**Q** 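Just dropping this structure here.
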Amino acid sequence: MLMKTAYADMTTNQVWAERRRLAALRDPAMMGRYLSPKHYNARAHTKLIASKLTQLGPGGVDRLMVFTPPQVGKSVLVSELMPFWWLCKHPRDRVIIGSYATSLAKKKSKAVRDKVEEHGAAFGLHLDPRDRAVTDWSLTTGGGIKVAGVNSALTGFPANIAAVDDPHKNRKEAESKAMRDNVWSWWSSTVLTRLSPGAPVMLVQTRWHEDDLAGRLLRKEGRVEDGGRWVVVNLPAVASHMDDPLGREPGAPLTHPLIEDDDTTALAAHWQDKRSSVDARDWGALYQGEPKPREGALLKQDQVERQRHFGIEVGRVRRAVSVDPSGGGKDTAGIVAGFLGDDQRVYITHDWTRVMPSTEWARQVCLLAYETEAQVIYVEKSYGGDLSIIPVSGAWDQLQREGRIPAGAMKPWIEPKTARSGKYLRAEPIAQAWLEDRVRTYAYMPELEDEWETWVPGPSESPGRIDASVYLVFGLLQLPGSEQHIGSAAGVSISQASGTQAPGGLGAISLGRGR
């Protein structure tokens, strides 16, 4: 009855216009469709971000971080549509728009002011003719916007909400500790001091460095899920965890404003093009939201690149697959393959590392072993002790029953491996072997290279690719420092831990499916 009364004196066109106007108030993405129906493309990722923005405010979220790759519409949504949407709902509020440069923040402020001039009347918004400067303008209702670039002041401007978009200009500035400290000082002494009690803050950025503004805030204040303050939404170009915010399977591409959501082929091709065009470190930081340090890493980029050995045939003495079931990331299994060449070098040929459930990694190991004609599979012993051979052995049998692996294919020996020292001391001799030209890559594996170039030994867990490749090289080169155990569940003989070697220097060998 109320609906009929409200619309009683309206024409059909007026009714539909009013419904569109009310729908625009649901969230900033809906506002974008209302303001520019022919040009604004709301995609799955912008809809998700918009839904998070609606949670800001009293009784809801007061600190929100969003990480996305460049050029996916985050700035338009957060720094233009969100402030206009917020003022439509809270016309008395004062909004801060911050960025690395005042000129960029001014551009966003002007875009919001233009929207008020063109569409504000439909929502009761009117510019105050006495206060229209791009850097600081007001509404007749008392609300308005103030811009702030890093190093600029906000004196005398109490704010009810702040939106900071890309506080770091580029990698050069993000790499500079002095510049990072400068951004932090601006955040601490300028932005936070202007906030009214309970005022929410959103930080939206492309990650550059592990100690950028987002990284430092997370170290100091923590994530909500860990008992901290910040709600964090990381939207990588390619899904990398089982708990992806968009519900994507690992490896699935991120949506894009210029590509339809259901065109996964085009989306995958777009992100693959970006991946092949940028440095591995930039891919991890800018596109995956996972910045990693280089200082103190075991290997340098040029050292790894010198060891690439693509497309040149090498005689293969022994072939192996290695797995780190626990990996260095959530639900990540490190899986690599390689061979010992007739020149006594190890060549790493495959990297199948990815996020996968525990029921899947053993199957992938077996499929890779069959594909590469591996004679031995190395499994980290700490994963269930000597019983770590059971899931691999069982997976091989199951794959044969399914016909994925021929019934007559001989099962590789399965060798649990451990080390007598910690992760750093275990990885250090492999890095040294790399430098001594005893380890080479036989195919382009950017993620594997990147982990060796960026992981810094310390309290954090080493990544799965590093651990898997460490066991591969230890096993194939028979370096000192690793014990070798063979379990009977794979149909092989007992332990070579005492140092006794099987023929050919192997702790255990088999004919496999050898060539």
Side-chain angles (χ1 to χ4, degrees), residues 24-32 34-35 49-50 52-66 74-128 130-150 152-167 186-187 190-205 213 231:
L25 294 173
R26 293 177 191 171
D27 63 53
M30 291 294 290
M31 182 63 74
Y34 173 83
L35 299 179
I49 297 172
K52 296 296 183 180
L53 295 175
T54 65
Q55 299 173 18
L56 292 167
V61 174
D62 76 333
R63 293 291 186 272
L64 173 67
M65 286 184 191
V66 179
K74 66 177 175 58
S75 293
V76 169
L77 181 63
V78 171
S79 297
E80 296 180 20
L81 293 174
M82 193 287 298
F84 179 77
W85 171 82
W86 188 272
L87 290 173
C88 288
K89 296 177 72 66
H90 310 279
R92 296 182 179 181
D93 279 4
R94 304 287 285 170
V95 181
I96 292 174
I97 296 179
S99 188
Y100 63 82
T102 300
S103 59
L104 183 60
K106 285 171 61 177
K107 181 179 178 181
K108 304 300 182 184
S109 174
K110 183 179 184 302
V112 181
R113 191 185 66 177
D114 290 347
K115 289 176 174 56
V116 172
E117 290 182 320
E118 185 175 355
H119 303 281
F123 300 93
L125 301 184
H126 303 277
L127 289 172
D128 186 335
R130 301 166 300 175
D131 199 2
R132 296 170 54 94
V134 173
T135 56
D136 185 358
W137 54 265
S138 299
L139 299 170
T140 56
T141 51
I145 284 183
K146 174 85 171 180
V147 304
V150 173
S152 66
L154 288 167
T155 305
F157 186 90
N160 305 97
I161 185 171
V164 176
D165 181 13
D166 280 335
W186 169 77
W187 170 270
T190 301
V191 177
L192 294 185
T193 59
R194 307 318 306 165
L195 296 179
S196 301
V201 179
M202 72 198 95
L203 172 60
V204 183
Q205 70 169 88
L213 180 57
V231 173

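Atom set for the values below is all heavy atoms of this structure, side chains included, hydrogens, waters and symmetry mates excluded. Just so it is clear, the model here is predicted, and its values are computed rather than measured.
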**Q** May I ask you to say whether Glu117 pairs ionically with Lys110, meaning some side-chain N is under 4.0 Å from a carboxylate O?
**A** no
**Q** When you measure from the side chain of Ser152 to the backbone of Gly149, do you find a donor-acceptor pair of N or O atoms at a distance under 3.5 Å?
**A**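 Yes: the side chain of Ser152 pairs with the backbone of Gly149.
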**Q** With a 6.0 Å cut-off on ring centres, are Tyr34 and Phe123 close enough?
**A**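 When the ring centroids of Tyr34 and Phe123 are compared, they turn out to be within the sub-6.0 Å range.
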**Q** Of all the heavy-atom pairs spanning Asn160 and Asp93, show the shortest one and how long it is.
**A** OD1-CA, 3.2 Å
**Q** Is the backbone of Arg132 close enough, under 3.5 Å, to the side chain of Arg113 for a donor and an acceptor to pair up by distance?
**A**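 Such a contact is found between Arg113 side chain and Arg132 backbone.
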**Q** What's the shortest heavy-atom distance between Ala199 and Ala159, and which atoms?
**A** CB-O, 3.8 Å
**Q** Taking atom CG of Leu81 and atom CD1 of Ile49, what is their separation to the nearest 0.5 Å?
**A** 11.5 Å
**Q** Checking side-chain contact (heavy atoms from CB on, under 4.5 Å) between Lys108 and each of Ile145, Val134, Val78, Asp165, which is the one that passes?
**A**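 Single side-chain contact (heavy atoms from CB on, under 4.5 Å) partner of Lys108 among Ile145, Val134, Val78, Asp165: Asp165.
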**Q** Is it true that a side-chain atom of Ser109 and a backbone atom of Val147 form a donor plus acceptor pair closer than 3.5 Å?
**A** no
**Q** Measuring from Glu80:CD to Ile97:CD1, what's the distance to the nearest 0.5 Å?
**A** 8.0 Å
**Q** Can you check whether Arg194 reaches Lys146 side chain to side chain, under 4.5 Å on heavy atoms?
**A**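 Result no, sub-4.5 Å side-chain heavy-atom pair not found.
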**Q** Check whether any side-chain heavy atom of Thr54 sits under 4.5 Å from a side-chain heavy atom of Pro28, and report yes or no.
**A** yes
**Q** Under 6.0 Å from the NZ atom of Lys52, do we count more than 12 heavy atoms belonging to anything else shown?
**A**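 Result for NZ/Lys52: open.
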**Q** Return the CE to OG distance between Met82 and Ser75, rounded to the nearest 0.5 Å.
**A**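 Spacing of CE (Met82) from OG (Ser75) equals 12.0 Å.
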**Q** With no hydrogens and no angle check, just 3.5 Å: does a side-chain donor-acceptor pair link Asp27 and Trp85?
**A**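 No, no side-chain donor-acceptor contact under 3.5 Å.
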**Q** I want to check something: taking the side chain as every heavy atom from C-beta on, are Leu64 and Pro200 in contact at a cut-off of under 4.5 Å?
**A** no
**Q** Please assess Leu87 against Leu139 for the test side chain to side chain contact (heavy atoms under 4.5 Å, CB included), listing each intermediate value before the final yes or no.
**A** CA-CA 9 Å; Leu87 290 173; Leu139 299 170; 4.2 Å; yes
**Q** Please report the interatomic distance NE2(His119) to CE(Met31), rounded to the nearest 0.5 Å.
**A**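 The distance works out to 10.0 Å.
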**Q** Go through the steps for Lys115 and Leu35 under the test side chain to side chain contact (heavy atoms under 4.5 Å, CB included), then give the verdict.
**A** CA-CA 8 Å; Lys115 289 176 174 56; Leu35 299 179; 3.6 Å; yes
**Q** Just wondering, do Ile161 and His90 contact through their side chains at under 4.5 Å, heavy atoms?
**A** no
**Q** Taking side chain as C-beta onward, heavy atoms only, is Trp86 less than 4.5 Å from Leu56?
**A** yes
**Q** I'd like to know if Asp136 and Arg94 make a salt bridge, using a cut-off of under 4.0 Å between side-chain N and carboxylate O.
**A** yes
**Q** Heavy-atom distance under 4.5 Å between the side chains of Cys88 and Leu25, does that happen here?
**A**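 Side chain of Cys88 against side chain of Leu25, heavy atoms only: contact under 4.5 Å found.
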**Q** Assess the residue pair Asp128 and Ser138 against the criterion (side-chain hydrogen bond (donor to acceptor under 3.5 Å, both in side chains)); give the C-alpha distance rounded to whole Å, side-chain angles, the decisive distance to 0.1 Å, and a yes or no.
**A** CA-CA 6 Å; Asp128 186 335; Ser138 299; 5.5 Å; no
**Q** As an exercise, state the distance from NZ of Lys107 to OG of Ser99, rounded to the nearest 0.5 Å.
**A**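 One finds 11.0 Å between NZ of Lys107 and OG of Ser99.
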**Q** Can you see which heavy atom on Ala50 is nearest to which on Leu77, and at what distance?
**A** N-CD2, 4.0 Å
**Q** Could you pull out the closest heavy-atom pair between Leu127 and Trp137, with the gap in Å?
**A** CD2-CE3, 3.5 Å
**Q** When you compare the side chain of Val150 with that of Trp187, does any pair of heavy atoms fall below 4.5 Å?
**A** no
**Q** Just wondering, do Leu213 and Leu203 contact through their side chains at under 4.5 Å, heavy atoms?
**A**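 Yes, side chains in contact.
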